[in-house]
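See structure below.
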Number of protein chains: 2
Amino acid sequence: MKRPTIADVARRAGVSKGAVSYALNGQPGVSAATRQRILDIAAEMGFSPSSAARALSGASAEAVGLALCRPARTLGIEPFFMELISGVEAELAARSYALTLQVVTDPAAEIAVYRRWWGERRVDGVLVCDLRTDDRRVPVLEELGLPAVVIGGPAGTGRLASVWSDDAAALVETVEYLVALGHRRIARVGGLPDLLHTEIRTEAFDRACRRLGLADAVTVPSDYTGEEGARATRRLLSSAARPTAVIYDNDVMAIAGLSVAQEMGLAVPADLSIVAWDDSPLCQLVHPPLTALSRDIPAYGAHAARQLLAVIGGADPAGLQDETAHLTPRGSTAPPRSG
Amino acid sequence: MKRPTIADVARRAGVSKGAVSYALNGQPGVSAATRQRILDIAAEMGFSPSSAARALSGASAEAVGLALCRPARTLGIEPFFMELISGVEAELAARSYALTLQVVTDPAAEIAVYRRWWGERRVDGVLVCDLRTDDRRVPVLEELGLPAVVIGGPAGTGRLASVWSDDAAALVETVEYLVALGHRRIARVGGLPDLLHTEIRTEAFDRACRRLGLADAVTVPSDYTGEEGARATRRLLSSAARPTAVIYDNDVMAIAGLSVAQEMGLAVPADLSIVAWDDSPLCQLVHPPLTALSRDIPAYGAHAARQLLAVIGGADPAGLQDETAHLTPRGSTAPPRSG
DNA sequence: CTGAAAGCGCTTACAG
DNA sequence: CTGAAAGCGCTTACAG
């Protein structure tokens with residue numbers, strides 16, 4: 001089938017190509033009646049303007065990019081990214097923006113992708129995940145002048161816009177809740193140690209435990225996979241003074257931890273309380289259902305997308321604080337058995 | 001920062017724009033020495049050809065599209081799609097193709113997306129998931145002449161290329177395995193009934209059960225969510241002659257089913273054997289680990305992408321049979337207690 | 001092997 | 001309000 005062009009529409013409508021362009025883009029320059037007639041004819045012909053031609057004439061690419069730097073197996077199992085993408089998509093689709101996705105294997109490759117996208121004018125802006133300490137992506141994006149919104153922060157985002165959530169506050173709430181239940185030995189299985197939000201959480205955890213007089217507040221680093229979560233849990237539960245509560249940096253590790261506890265003959269929550277960060281439906285699939293730190297991830301993605309569109313539209317890059325994750329108590333937490 | 005164009009490179013190299021184009025695209029028309037010099041200069045300037053200009057001059061968009069039609073919550077929780085995307089990506093990235101992703105809410109919207117992408121020349125081809133009976137997307141794509149590869153089949157794909165796996169064979173293997181263990185009352189919690197592969201599985205299940213003389217071979221339809229999987233399981237386990245084994249059409253429902261069984265005081269596998277279709281890492285996170293039908297999903301995606309690139313390149317659309325899922329026995333299956 | 005030129009399908013000042 | 005024209009940055013026949 002041949003694709004109709006603006007010239008075809010112009011011919012059918014008996015006007016110039018310019019007139020069709022004005023009509024389609026809501027610009028002044030055509031009468032209301034003509035505009036309607038052109039729109040009707042365009043719709044009838046199934047005309048969509050070529051995104052390439054449009055992008056080439058100085059208009060935008062009408063696409064934003066998302067590069068995800070995680071090993072493939074982690075990507076698949078963590079509901080977080082797909083939920084984020086759903087939210088981003090919902091916002092973009094409403095404005096007819098496309099989402100260009102690229103999975104990369106390391107930060108250097110991710111930077112190369114940004115440089116290429118920029119050179120190709122393939123995207124109008126990018127969403128940046130998994131902020132690290134001294135993140136090299138930030139100065140590169142600043143230098144390129146490629147509109148960007150960092151999902152994370154608020155520190156370390158340079159002059160880029162950002163959307164972030166107060167992880168420290170959520171962690172403090174969790175520790176206080178566990179202490180109120182009577183727990184004194186609380187441990188944590190953290191995410192990838194390189195990530196800035198892991199650092200923020202670890203520091204908040206240490207500070208909260210110190211303030212509340214908890215001695216053995218240990219964080220075992222991990223990588224978000226169930227495998228590592230299980231290994232870390234085994235280590236913690238085999239130690240001399242085993243913790244009575246463990247906080248996990250994502251739900252997949254928490255589920256793995258639950259399984260390990262049951263395997264070791266520990267009852268959850270009587271012998272061990274478990275809290276999961278990121279409350280995907282997985283948390284309610286297991287038995288007992290997991291107490292979790294809940295957030296609306298699709299909304300988070302939607303906010304990031306909206307902000308990116310604003311920056312692309314010329315708005316000043318700003319930081320936006322999103323909802324703080326809130327504790328949703330379920331069956332996996334209770335006072336420790338021994339009291 | 002200003003983006004270098006082909007003219008900038010040509011000027012620096014002291015040649016014409018045409019020469020630069022030939023050099024970059026590996027076309028004859030420049031000497032080896034000149035070509036190398038041009039490539040060096042282009043690399044040094046950080047030049048990437050504008051994808052828009054390239055697409056407009058008749059070359060391809062260098063992008064393929066994937067529209068996913070599932071409710072957001074299902075997308076997030078099912079590892080399948082992210083694993084598929086990882087595999088697709090790996091194949092595309094090697095050829096510098098971009099992946100354009102769009103989440104849609106219903107089949108009509110998905111068709112509209114295809115029409116728009118086609119009109120916009122935004123993608124060179126599309127990957128089609130979740131084939132249905134009398135799928136309306138197939139004739140539309142045929143009519144548009146938009147290169148496409150259906151992930152599913154082999155029936156119902158019309159003249160489109162496809163990549164498929166023999167689900168019927170995998171299901172037969174599973175039923176025979178359960179019967180060999182001594183099970184006589186086997187049930188199944190199926191996926192969305194509208195999907196063609198659900199139909200294929202249901203029919204294979206019925207036929208296998210009939211052949212083996214199993215009377216109560218019931219399939220309860222579901223929607224892949226843990227919620228529905230749990231509900232279906234409760235229904236099955238509350239029935240008069242409750243099954244001693246249940247086959248689930250995905251791993252999320254199987255995990256939910258495991259949880260329900262434990263909640264109802266049934267031991268897995270002694271009182272109930274469980275088999276999950278799709279063997280994501282989730283299956284090994286729970287206790288007992290789930291017997292599952294394993295397949296290499298990223299490879300499946302990679303094969304689909306490779307085939308799409310072939311069709312885009314002018315190859316005749318063909319059907320490719322991928323690996324059949326194979327049963328991986330784990331702790332969730334055993335002979336039934338009563339024998 | 002190289003250069004000059006047309007053309008892809010739009011957008012957008014610029015005359016009328 | 002409308003039409004003719006330039007220009008975006010490439011690719012690709014077409015002469016030299």
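Just so it is clear, the model here is predicted, and its values are computed rather than measured. So you know, we letter chains A, B, ... as the sequences are listed, proteins then strands, and number each from 1.
A donor-acceptor pair under 3.5 Å links the side-chain atoms of Arg3(B) to the main chain of Trp118(A), judged by distance alone.
Within 6.0 Å of the CG atom in Asp134(A), the count of heavy atoms belonging to other residues, nucleotides or ligands does not exceed 12.
Screening residues 21-32 of chain B for side-chain hydrogen bond (donor to acceptor under 3.5 Å, both in side chains) gives Ser21(B)-Asn25(B), Asn25(B)-Arg54(B), Ser31(B)-Thr34(B) as the qualifying pairs, with residues at least two apart or on separate chains. Pairs passing the side-chain hydrogen bond (donor to acceptor under 3.5 Å, both in side chains) check and including a residue from residues 144-165 of chain B, sequence neighbours excluded, do not occur.
With sequence neighbours left out, the side chain to side chain contact (heavy atoms under 4.5 Å, CB included) criterion links Pro317(A) to Ala161(A). Listed by chain and number, the residues in a side chain to side chain contact (heavy atoms under 4.5 Å, CB included) with Gln102(A) are Val104(A), Val113(A), Arg116(A), Trp117(A), Glu89(B), Ala93(B) (sequence neighbours excluded). In this structure Arg122(A) satisfies the salt bridge (Lys or Arg N to Asp or Glu O under 4.0 Å) test together with Glu120(A), sequence neighbours excluded. For Arg11(B), the side chain to side chain contact (heavy atoms under 4.5 Å, CB included) criterion is met by Ala7(B), Asp8(B), not counting sequence neighbours. Residues that satisfy the side chain to side chain contact (heavy atoms under 4.5 Å, CB included) test with Asp194(A), not counting sequence neighbours, are Arg132(A).
Counting only Watson-Crick and G-U wobble pairs whose two distances sit under 3.5 Å, DNA chain D takes part in these stems of three or more pairs: C:1-3 with D:14-16, C:5-12 with D:5-12, C:14-16 with D:1-3.
DNA chain D lies under 4.0 Å from no heavy atom of any residue of residues 31-40 of chain B.
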Show me the side-chain donor-acceptor pairs of residues 58-68 of chain B shorter than 3.5 Å, one per line, residues at least two apart or across chains.
unit_1   : atom_1 : unit_2    : atom_2 : d
Ser60(B) : OG     : Glu62(B)  : OE2    : 2.7
Ser60(B) : OG     : Asp124(B) : OD2    : 3.4

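Figure legend: cation-pi geometry between Arg295(A) and Tyr300(A), with NZ or CZ positioned under 6.0 Å from the six-membered ring centre and within 45° of its axis.
One can place CG of Leu24(B) at 11 Å from C1' of dT11(D), the figure rounded to the nearest angstrom.
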Listed pairs, N/O of protein and of nucleotides 8-10 of chain C, under 3.5 Å:
unit_1  : atom_1 : unit_2   : atom_2 : d
dC8(C)  : O2     : Leu56(B) : O      : 3.2
dC8(C)  : O2     : Ser57(B) : N      : 3.4
dG9(C)  : N2     : Ala53(A) : O      : 3.3
dG9(C)  : N2     : Ser57(A) : OG     : 3.3
dC10(C) : OP1    : Ile6(A)  : N      : 3.4
dC10(C) : OP2    : Ile6(A)  : N      : 2.6
dC10(C) : O2     : Ser57(A) : OG     : 2.8
dC10(C) : N4     : Lys17(A) : NZ     : 3.1

List, with names and distances, any nitrogen or oxygen atoms from the protein found under 3.5 Å away from nitrogen or oxygen atoms belonging to nucleotides 13-16 of chain C.
unit_1  : atom_1 : unit_2   : atom_2 : d
dA13(C) : N7     : Tyr22(A) : OH     : 3.3
dA13(C) : N6     : Tyr22(A) : OH     : 3.1

*Give the C-alpha distance, both sets of side-chain angles, the deciding distance and a yes or no for side chain to side chain contact (heavy atoms under 4.5 Å, CB included) between Leu39(A) and Arg35(A).*
CA-CA 6 Å; Leu39(A) 288 177; Arg35(A) 183 188 305 273; 4.1 Å; yes
